[in-house]
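When reading the values below, keep in mind they use all heavy atoms of this one structure, side chains included, and skip hydrogens, waters and symmetry mates.
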Amino acid sequence: VQLQASGGGLVQAGGSLTLSCAASGRTFSSYTMGWFRQAPGKEREFVAAIRWSGGSTFAADSVKGRFAISRDNAKNTVYLRMNSLKPEDTAVYYCAAAATRIINSYIRTESAYDYWGQGTLVTVSS
């Protein structure tokens with residue numbers, strides 16, 4: 001499986017961006033997909049995740065109410081809509097895919113994911 005993230009860029013605080021992650025592989029629709037981010041000088045952290053059906057989503061407390069994850073299995077693509085962006089959202093954003101089921105308590109854990117994209121940089125100016 002290969003993941004290609006895109007959509008990053010420079011945006012002012014309060015603005016919006018939508019990230020996309022295109023996946024190769026015929027079994028994309030069975031994967032749990034996640035977004036993580038790594039800010040300069042910090043460890044990578046969980047942002048959001050979505051089950052294969054799109055029926056269950058998860059989000060970090062820091063982005064709840066501002067970010068929304070969605071997926072289009074027909075297009076093998078997962079999205080991260082980011083609204084009300086803050087300077088502290090500045091980071092490289094990575095998409096990830098899990099080929100096996102992840103129980104809820106591990107869905108925010110990096111090691112639960114098998115495949116990673118190359119990352120896309122989001123810079124939020126104040």
Point to revise | K64 with D61: basic N within carboxylate O range, under 4.0 Å | key: yes
Study note, to complete from the structure: Taken to the nearest 0.5 Å, the spacing of I50 CD1 from S56 OG works out to 8.5 Å
Exercise for review: Would you check if the side chain of D114 reaches a backbone N or O of A98 as a donor-acceptor pair within less than 3.5 Å?
Suggested key: no
Check your understanding: Hey, are the side chains of I69 and F58 touching, using non-hydrogen atoms and a 4.5 Å cut-off?
Key -> no
Check your understanding: Atom OG of S24 and atom OH of Y115: how far apart are they, to the nearest 0.5 Å?
Key -> 9.5 Å
Exercise for review: Measure the spacing between CZ of R71 and OH of Y79 and express it to the nearest 0.5 Å.
Suggested key: 11.5 Å
Review point. Any side-chain heavy atom of R101 within less than 4.5 Å of one from R51?
Key: yes
**Study point:** Heavy-atom side-chain proximity of V122 to R37 below 4.5 angstrom
**Key:** no
**Study point:** Heavy-atom side-chain proximity of N104 to Y106 below 4.5 angstrom
**Key:** no
Review point. Which distance, rounded to the nearest 0.5 Å, do you find between the CZ of R66 and the CE of M82?
Key: 9.5 Å
**Study point:** Contact check, side chains of L80 and T18, non-hydrogen atoms, under 4.5 Å
**Key:** no
Check your understanding: If you round to the nearest 0.5 Å, how far is CD of Q12 from OG1 of T123?
Key -> 13.0 Å
Check your understanding: How are the rings of F67 and Y93 set relative to one another: parallel (under 30°), tilted (30 to 60°) or perpendicular (over 60°)?
Key -> tilted
Practice item. Taking all non-hydrogen atoms of both residues into account, name the closest pair between V63 and V47 and its distance. Key: CG2-O, 3.6 Å
Review point. Hey, does L85 have a side-chain heavy atom less than 4.5 Å from the side chain of L17?
Key: yes
Exercise for review: Answer yes or no: does atom CH2 of W116 have more than 12 heavy-atom neighbours from other residues, nucleotides or ligands under 6.0 Å?
Suggested key: yes
Check your understanding: Any donor-acceptor pair under 3.5 Å linking the side chain of D89 with the backbone of V124?
Key -> no
Check your understanding: Would you say L19 and W35 make side-chain contact, with heavy atoms under 4.5 Å?
Key -> yes
Review point. Is any side-chain heavy atom of R44 closer than 4.5 Å to a side-chain heavy atom of E110?
Key: yes
Review point. How about S16 and N83: does a side-chain donor come under 3.5 Å of a side-chain acceptor?
Key: yes
Practice item. Please find out if less than 6.0 Å separates the ring center of F36 from that of F46. Key: yes
Point to revise | Heavy-atom closest contact (S70 atom, V78 atom, distance) | key: O-CG2, 3.1 Å
**Study point:** Atom CD of Q2: over 12 foreign heavy atoms under 6.0 Å
**Key:** no
Practice item. For I107 and T32, run side chain to side chain contact (heavy atoms under 4.5 Å, CB included): C-alpha distance rounded to whole Å, both residues' side-chain angles, the deciding distance at 0.1 Å, then the answer. Key: CA-CA 9 Å; I107 207 160; T32 293; 3.9 Å; yes
Review point. Looking only at heavy atoms, what is the nearest atom pair of A97 and M33, with distance?
Key: CB-SD, 3.5 Å
Review point. Within the distance-only criterion (no hydrogens, no angle test), does the side chain of S111 pair as donor or acceptor with the backbone N or O of T109 below 3.5 angstrom?
Key: no
Review point. Going from CD on Q4 to OG1 on T120, what distance comes out if it is rounded to the nearest 0.5 angstrom?
Key: 9.0 Å
Study note, to complete from the structure: Heavy-atom nearest pair, A13 first then S126, reads CB-CA, 4.3 Å
Practice item. Heavy atoms only: give me the nearest Y113-A49 pair and the separation to one decimal. Key: OH-CB, 3.5 Å
